[in-house]
Amino acid sequence: MTEETPGFDEQQPDVPSGATSDDAEPKAASPSSEEAAAPAGDTGQDAGLVAQLDQVRTALGERTADLQRLQAEYQNYRRRVERDRIAVKEIAIANLLTELLPVLDDIGRAREHGELVGGFKSVAESLESTAAKMGLQQFGKEGEPFDPTIHEALMHSYAPDVTETTCVAILQPGYRIGERTIRPARVAVAEPQPGAQTVKAEESADADDKESGGPDEG
């Protein structure tokens, strides 16, 4: 009788009854229904991201437009404030110089009478220089044509030696700041003598006839 080797049966792997060796090997895991549906889920997620990106771009465009509009309004505000500041400054200077015009008139009369001497002369010239630096300009000269926009006629006469209404005397000089007149020049004007043009025309015709030997006869 042969002696059995102890433990031999324990070393044999347990194989279920009716199973072959192929069934003993591990089978590859077949994809589940959730894993099969994963590509469709990724597509939906990408579409959601694209939609969110479009919303962000739209919001960014709106914020950019708001910023540009705000910047334009700010630039317009700055220009408007600068214009107002310049206008207020010009008005203040014009008001100040207007109050000084009587003083400048007195200085002009003193100069005409030879009374502008000594310390008074230095002060007067300093005042005139300061007013000029602030933009004050004097205008009005004898012999210039009368312009109602810058001249104020206080005296009127006729003169045979003028061909148009002319300023023959400056009673008070005019003053302007830039293009703005703060006081017109007050003047005496003279107009051509009535009938003087007719007389001059006849005299000119007679002179031409004499130079040509008189009118042709026959």
Side-chain angles (χ1 to χ4, degrees), residues 73-212:
E73 292 177 355
Y74 177 67
Q75 293 296 335
N76 293 334
Y77 168 76
R78 287 187 59 186
R79 286 192 289 267
R80 185 168 60 252
V81 169
E82 183 65 16
R83 287 196 302 266
D84 293 344
R85 186 186 67 82
I86 294 174
V88 169
K89 180 180 178 181
E90 291 178 350
I91 292 173
I93 293 175
N95 291 338
L96 173 62
L97 294 178
T98 300
E99 295 298 326
L100 290 178
L101 294 185
V103 180
L104 297 176
D105 291 336
D106 293 339
I107 292 174
R109 284 190 289 267
R111 182 179 287 111
E112 291 175 357
H113 292 84
E115 300 175 356
L116 199 62
V117 295
F120 176 59
K121 179 180 180 181
S122 299
V123 173
E125 291 177 348
S126 178
L127 179 60
E128 290 175 334
S129 176
T130 301
K133 289 180 180 179
M134 297 177 69
L136 186 67
Q137 300 175 356
Q138 186 183 104
F139 67 90
K141 294 180 180 180
E142 295 182 5
E144 63 185 7
F146 175 75
D147 184 352
T149 61
I150 60 174
H151 297 136
E152 180 182 355
L154 300 182
M155 299 178 63
H156 177 269
S157 63
Y158 294 98
D161 57 343
V162 297
T163 58
E164 60 180 341
T165 305
T166 305
C167 300
V168 295
I170 306 299
L171 307 179
Q172 271 188 336
Y175 289 95
R176 66 166 62 96
I177 300 176
E179 299 297 327
R180 179 180 180 182
T181 300
I182 62 175
R183 190 182 76 181
R186 291 165 181 170
V187 300
V189 299
E191 290 183 340
Q193 189 74 30
Q197 297 295 331
T198 303
V199 173
K200 288 184 178 181
E202 292 177 354
E203 291 177 353
S204 177
D206 293 341
D208 292 339
D209 291 341
K210 290 180 180 179
E211 290 179 358
S212 62

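On a predicted model such as this, the values are computed, not experimentally measured, just so you know. Basis for what follows: all heavy atoms, side chains included, without hydrogens, waters or symmetry-related copies.
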> With side chains defined as the heavy atoms from C-beta onward, is the minimum distance between Ile150 and Pro184 less than 4.5 Å?
Replying inline: no

Could you go through residues 95-102 and list every donor-acceptor pair under 3.5 Å that involves a side-chain atom there, pairing it with any protein atom two or more places apart or in another chain?
| from | atom 1 | to | atom 2 | distance (Å) |
| --- | --- | --- | --- | --- |
| Asn95 | ND2 | Ile91 | O | 3.2 |
| Thr98 | OG1 | Ala94 | O | 2.6 |

>> Could you work out, with side-chain hydrogen bond (donor to acceptor under 3.5 Å, both in side chains) as the rule, every residue matching Asp84, not counting sequence neighbours?
In response: none

>> Please report the interatomic distance CD1(Ile182) to CD(Gln137), rounded to the nearest 0.5 Å.
In response: 10.0 Å

>> Can you pull out every ring pair (Phe, Tyr, Trp, His ring centres under 6.0 Å) where at least one residue sits in residues 86-142? Sequence neighbours excluded, please.
In response: none

> If you look only at pairs with a residue in residues 150-172, which of them pass as a ring pair (Phe, Tyr, Trp, His ring centres under 6.0 Å), with sequence neighbours excluded?
Replying inline: Phe146-His151, His156-Tyr158

> If you look at every heavy atom in Thr165 and Glu191, which pair is closest and at what distance?
Replying inline: OG1-CG, 3.5 Å

> Sequence neighbours excluded, which residues qualify as salt bridge (Lys or Arg N to Asp or Glu O under 4.0 Å) partners of Glu82?
Replying inline: Arg85

> Can you name the residues that form a side-chain contact (heavy atoms from CB on, under 4.5 Å) with Val103, not counting sequence neighbours?
Replying inline: Ile107, Leu127

What pairs of donor and acceptor atoms, side-chain ones from residues 169-177 against any protein atom, are under 3.5 angstrom apart with sequence neighbours left out?
| from | atom 1 | to | atom 2 | distance (Å) |
| --- | --- | --- | --- | --- |
| Gln172 | OE1 | Arg186 | NH1 | 2.6 |
| Gln172 | NE2 | Asp105 | OD2 | 3.4 |
| Tyr175 | OH | Gln138 | NE2 | 3.0 |

>> Arg180: which residues meet the salt bridge (Lys or Arg N to Asp or Glu O under 4.0 Å) condition with it, sequence neighbours left out?
In response: none

> How would you list, by chain and number, every residue that makes a side-chain hydrogen bond (donor to acceptor under 3.5 Å, both in side chains) with Arg79, sequence neighbours excluded?
Replying inline: Asn76

> How far apart are the closest heavy atoms of Val187 and Cys167, and which atoms are they?
Replying inline: CG2-SG, 3.9 Å

> Tell me the side-chain hydrogen bond (donor to acceptor under 3.5 Å, both in side chains) pairs involving residues 119-135, sequence neighbours left out?
Replying inline: Arg111-Glu128

> In chain order, what residues pass the side-chain contact (heavy atoms from CB on, under 4.5 Å) check against Glu112, with sequence neighbours excluded?
Replying inline: none

